[in-house]
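Please read the structure below before turning to the comments.
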Amino acid sequence: MNHLAFYIHGNADGHNELLDILTNFLALFEGATSHHSHSESGLLLGLSELANSHPLLVHFPIAFLSLFIVIDLLGTAMNQLTWRQFASGLLYLGTVFAGLTVWAGFIAADTVPHGHNVHEIMERHEQLGVSTLALSAALSAWKLRRTVEGWGLYNVLTVVLLGVMVCGADLGGLMVYKYGVAVQAVSVSSPEAHHHDESIANE
């Protein structure tokens with residue numbers, strides 16, 4: 001069924017404000033669940049156009065693990081145990097989402113069309129993604145088994161994790177923004193491109 005139809009009956013004079021609000025909300029919900037690509041109204045239109053879930057999931061491990069690294073290192077430098085305990089929770093969340101992201105990435109690699117010029121980049125991106133998952137899982141296991149005190153191998157691995165994650169994200173951006181992997185081509189409707197910066201438009 002392509003459309004959801006909602007009918008709400010008001011009172012005798014047809015001016016029930018509460019029902020009007022509910023009707024508007026349901027109409028908004030209908031727009032949010034519509035999968036028509038030509039429509040520019042409604043919510044979550046970008047989500048409905050995703051070829052796979054990898055682009056949706058990838059931001060979570062980046063956010064959680066980045067915060068973990070910063071807070072954990074600061075907690076170590078300032079000898080703040082509570083900071084490091086909070087960072088541990090971020091590490092565990094980041095590891096779970098890293099696993100989901102890697103899983104979705106393998107599915108995306110098998111289903112998204114790409115040329116030979118991108119395949120090698122995608123392979124390296126996959127390797128760095130798996131390395132991110134392996135490092136975060138190892139740090140999680142280490143943290144669960146014992147309390148980490150002071151500076152040492154654990155902190156070195158957190159810095160390595162940051163470098164691996166940044167390199168992986170960089171290759172992911174390269175595939176999307178330079179080679180257009182899983183991106184639909186957009187045609188400009190008018191001869192003149194629209195610029196938000198007037199200085200660029202006037203050049």
Side-chain angles (χ1 to χ4, degrees), residues 32 43-112 114 118-183 196-197:
L43 299 175
L44 305 180
L45 296 178
L47 182 61
S48 66
E49 295 295 336
L50 286 179
N52 55 78
S53 59
H54 182 69
L56 177 66
L57 293 171
V58 71
H59 300 87
F60 291 96
I62 292 175
F64 285 131
L65 293 177
S66 296
L67 284 173
F68 151 69
I69 293 168
V70 172
I71 295 175
D72 193 70
L73 291 178
L74 285 176
T76 302
M78 302 178 68
N79 197 24
Q80 294 289 332
L81 180 60
T82 55
W83 291 19
R84 302 200 72 182
Q85 291 173 339
F86 176 72
S88 297
L90 295 172
L91 171 62
Y92 304 147
L93 284 173
T95 301
V96 171
F97 277 103
L100 294 173
T101 302
V102 168
W103 169 73
F106 281 125
I107 296 175
D110 292 334
T111 57
V112 173
H114 58 277
V118 178
H119 185 73
E120 184 178 349
I121 299 174
M122 185 174 290
E123 289 290 324
R124 284 187 286 147
H125 178 69
E126 288 181 0
Q127 293 168 3
L128 290 169
V130 173
S131 299
T132 298
L133 174 59
L135 282 169
S136 60
L139 291 172
S140 296
W142 191 337
K143 205 69 178 286
L144 286 169
R145 292 190 62 180
R146 62 175 182 171
T147 302
V148 180
E149 298 179 358
W151 295 89
L153 179 60
Y154 181 90
N155 300 102
V156 173
L157 290 178
T158 60
V159 176
V160 173
L161 172 61
L162 177 61
V164 171
M165 188 168 55
V166 168
C167 291
D170 179 71
L171 291 180
L174 179 66
M175 286 189 293
V176 172
Y177 296 110
K178 181 175 181 178
Y179 296 101
V181 175
V183 175
H196 289 279
D197 190 342

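Every heavy atom of this structure was used, including side-chain atoms; hydrogens, water molecules and symmetry mates were not.
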Worksheet item: To the nearest 0.5 Å, what is the distance between CG (L135) and OG1 (T95)?
Response: 10.0 Å
Practice prompt. Taking all non-hydrogen atoms of both residues into account, name the closest pair between S88 and K143 and its distance.
Written response: OG-NZ, 2.6 Å
Worksheet entry | Within 6.0 Å of CZ in F60, more than 12 heavy atoms from elsewhere | no
Worksheet item: Do V159 and N155 have side chains that get closer than 4.5 Å, going by heavy atoms?
Response: no
Fill in: F86: ring pair (Phe, Tyr, Trp, His ring centres under 6.0 Å) partners, not counting sequence neighbours
none
Item to complete: Test side-chain contact (heavy atoms from CB on, under 4.5 Å) on L91 and W142 and set out the steps.
Response: CA-CA 11 Å; L91 171 62; W142 191 337; over 6 Å; no
Worksheet item: Rounded to the nearest 0.5 Å, how far apart are CG of L56 and CG of L100?
Response: 10.5 Å
Worksheet item: Taking atom CG of D170 and atom CZ of R124, what is their separation to the nearest 0.5 Å?
Response: 9.5 Å
Worksheet item: Looking only at heavy atoms, what is the nearest atom pair of S66 and M165, with distance?
Response: OG-CE, 3.4 Å
Worksheet item: Do S136 and L65 touch side chain to side chain, with heavy atoms closer than 4.5 Å?
Response: yes
Discussion item. When you compare the side chain of L133 with that of T101, does any pair of heavy atoms fall below 4.5 Å?
Written reply: no
Worksheet item: Looking at side-chain heavy atoms only, is the closest gap between E123 and E120 below 4.5 Å?
Response: no
Worksheet item: CE/M175 to NE2/H119 distance, rounded to the nearest 0.5 angstrom?
Response: 11.0 Å
Worksheet item: Distance from L174 atom CG to I121 atom CD1, nearest 0.5 Å?
Response: 4.5 Å
Worksheet item: Passes side-chain contact (heavy atoms from CB on, under 4.5 Å), L74 versus Q80? Steps please.
Response: CA-CA 8 Å; L74 285 176; Q80 294 289 332; over 6 Å; no
Worksheet entry | L157 versus L139, closest heavy-atom pair with distance | CB-CD2, 3.8 Å
Item to complete: Kindly compute the distance separating CG (D72) from CG (L67), expressed to the nearest 0.5 Å.
Response: 12.0 Å
Discussion item. Does the plane of the ring in F68 sit parallel, tilted or perpendicular to the ring in Y154? Use 30° and 60° as the thresholds.
Written reply: perpendicular
Worksheet item: Are any side-chain N or O atoms of T158 and backbone N or O atoms of I69, one a donor and one an acceptor, separated by less than 3.5 Å?
Response: no
Worksheet entry | Non-hydrogen side-chain atoms of F64 and V96 separated by less than 4.5 Å | no
Response to the item:
Correct closest heavy-atom pair for I71 and A87 would be CG2-CB, 4.0 Å
